[in-house]
Amino acid sequence: MISETQFNKEIDLIITNAIREDVGDGDHSSLACIPESITGKAKLLVKDEGILAGVEFAKRVFNYVDPNMKVEVLLEDGSRVKYGDIAFYVSGSSQSILKAERLVLNAMQRMSAIATKTNHFVTLLEGTGTKILDTRKTTPGIRALEKWAVKIGGGENHRFALYDMVMLKDNHIDFAGGITKAIEKTKQYLSNQNLDLKIIVEARDLNEIKEILQTPGVYRILIDNFNYEDTREAVKLIGDSCLTESSGGINEETVRKYAECGVDYISSGALTHSVYNLDLSLKAV
């Protein structure tokens, strides 16, 4: 994953762009009927069950819109919530609260949904030693939020983007002329560019597993679309040579069975691309 500094830059960009998109030259609904001097208070009301995520992000949004707003947090990120819970109160300029409202809700509803789904997978994997990973199958423009939500839900982040880790998948391998060539070319490229990046290589069958193991320097082998029997055999072949990761259509019904094959990680795009927003509201009090 990227550094904390880079991650915070991504969050700042998301906030800046989202406010630009939503507010434009002004929130004319509020400007038209609420005097600038009026102050108010609102609560973040939970109307669903799940894992809460996005509280810290909401604080950053409120601060960006108006540093004078105050947030009183009652439930932290990662809290298990139910209908009727109040996550926080925000007070200050009524215009400012309304200007920040939609971004806060949009982000928190999606982040909470992702955290809830991730936590469910984490629960399914309890006792196996296998960790759940997200992927790059995220919503364009808000990847940092979605990966943040995965962490809040108890999962682990895969690479953030194309620039912070090398992942040689089937197309890379085929275009490069085979697994060994792809790995060797990658190692030479990283050396030439003075880059210290981990290398993950995808395997489509057991023969490719064996070929990957002939070339040192691979951080993790992606055991892609294998059945249970072949996954167990792949884990046995790899041993302690490098880390292992299963992927490819793994769902809530199959995730534990793959974990019981002995892999270190299971990656699932569903954590971020197949969720239903948690119902949250920001209500004046």
Side-chain angles (χ1 to χ4, degrees), residues 2 4-48 50-79 81-116 138-153 272 275-285:
I2 57 177
E4 184 176 355
T5 299
Q6 180 62 34
F7 178 80
N8 283 321
K9 287 180 180 178
E10 294 289 337
I11 297 298
D12 289 341
L13 285 170
I14 289 171
I15 295 173
T16 301
N17 191 52
I19 293 297
R20 174 204 58 78
E21 176 184 64
D22 197 40
V23 178
D25 66 351
D27 172 12
H28 298 301
S29 303
S30 298
L31 292 169
C33 64
I34 301 174
E36 186 177 358
S37 60
I38 295 295
T39 59
K41 187 175 184 179
K43 63 183 177 182
L44 195 289
L45 179 64
V46 179
K47 300 160 68 178
D48 212 334
I51 302 298
L52 185 68
V55 174
E56 288 302 312
F57 177 73
K59 288 166 63 177
R60 290 175 67 158
V61 173
F62 288 128
N63 184 70
Y64 176 89
V65 169
D66 183 348
N68 292 317
M69 282 196 283
K70 305 296 182 185
V71 181
E72 179 190 355
V73 176
L74 305 181
L75 295 169
E76 302 282 354
D77 283 329
S79 300
V81 293
K82 63 184 184 304
Y83 191 99
D85 284 345
I86 297 172
F88 59 72
Y89 290 100
V90 57
S91 57
S93 163
S94 297
Q95 286 188 5
S96 296
I97 292 172
L98 292 171
K99 188 183 293 186
E101 175 186 9
R102 181 45 51 195
L103 173 54
V104 166
L105 286 175
N106 285 354
M108 288 194 66
Q109 287 178 145
R110 183 156 186 83
M111 289 180 72
S112 296
I114 291 169
T116 299
T138 55
T139 307
I142 61 167
R143 178 174 293 170
L145 290 186
E146 296 187 341
K147 284 184 170 283
W148 190 357
V150 168
K151 290 288 287 183
I152 291 170
T272 52
V275 296
Y276 295 96
N277 283 1
L278 215 69
D279 193 0
L280 306 170
S281 293
L282 194 66
K283 295 293 186 182
V285 295

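These numbers were taken from a predicted model, which means no experiment stands behind them.
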* Is it true that a side-chain atom of R102 and a backbone atom of I19 form a donor plus acceptor pair closer than 3.5 Å? -> no

* Asked: Less than 4.5 Å apart, any side-chain heavy atom of E72 and any of F88?
  -> no

* Apply the test side chain to side chain contact (heavy atoms under 4.5 Å, CB included) to residues L75 and L44: give CA-CA distance (whole Å), side-chain angles for both, the deciding distance (0.1 Å), then the verdict. => CA-CA 10 Å; L75 295 169; L44 195 289; over 6 Å; no

* Structure fact -> The reported gap from CD1 in I142 to CD1 in I11 (rounded to nearest 0.5 angstrom) is 10.0 Å

* Is there side-chain contact between T139 and T272, with at least one heavy-atom pair below 4.5 Å? -> no

* Show your working on side chain to side chain contact (heavy atoms under 4.5 Å, CB included) between L98 and I34 and close with a plain yes or no. => CA-CA 10 Å; L98 292 171; I34 301 174; 3.4 Å; yes

* **Taking every non-hydrogen atom, the tightest pair across S30 and Q95** => O-NE2, 4.1 Å

* To do: Locate the shortest heavy-atom distance separating A42 from V285; write the atom from each residue and the value.
  => N-CG2, 4.1 Å

* Roughly how far, to the nearest 0.5 Å, is CG of L105 from CG of L278? -> 11.5 Å

* Any donor-acceptor N/O pair, S79 side chain to E76 backbone, under 3.5 Å -> yes

* Below 4.0 angstrom, N of the basic side chain to O of the carboxylate: do K82 and D85 qualify? -> yes

* To do: Examine the side chains of R60 and N63 and answer whether a donor and an acceptor come within less than 3.5 Å of each other.
  => no

* When you look at I114 and K147, which way does the side chain to side chain contact (heavy atoms under 4.5 Å, CB included) test go after all the steps? -> CA-CA 9 Å; I114 291 169; K147 284 184 170 283; over 6 Å; no

* Over all heavy atoms of both residues, which pair between A144 and F7 is shortest? Give the atoms and the distance, please. => O-CE1, 3.5 Å

* Asked: Can you tell me how far CZ of R110 sits from CG of L145, rounded to the nearest 0.5 angstrom?
  -> 10.0 Å

* Distance from S281 atom OG to E101 atom CD, nearest 0.5 Å? -> 8.5 Å

* To do: Answer whether the closest heavy-atom distance between the side chains of L280 and V46 falls below 4.5 Å.
  => yes

* When you measure from the side chain of S93 to the backbone N and O of S96, does any donor-acceptor pair fall under 3.5 Å? -> yes

* If you measure from NZ on K47 to CG on D279, what distance do you get to the nearest 0.5 Å? -> 4.5 Å

* Structure fact -> Rounding to 0.5 Å, atoms CD1 (I14) and CH2 (W148) come to a distance of 9.0 Å

* **Short side-chain to backbone donor-acceptor contact, D77 and V55, under 3.5 Å** => yes

* Check: E4 main-chain N/O paired with N8 side-chain donor or acceptor under 3.5 Å -> yes

* Structure fact -> Scanning both residues in full, the closest heavy-atom pair of S112 with A53 reads OG-N, 3.0 Å

* Electrostatic pair E146:R143 at N-O distance under 4.0 angstrom -> no

* Structure fact -> On a heavy-atom basis, the closest approach of A100 and V65 is CB-CG2, 3.9 Å

* Do you know which two heavy atoms are closest between L45 and G84, and how far apart they sit? -> CD1-O, 3.9 Å

* Indicate yes or no: does D22 engage K99 in a salt bridge with an N to O separation below 4.0 Å. => no

* **Check: Y64 and L103 side chains under 4.5 Å, non-hydrogen atoms** => no

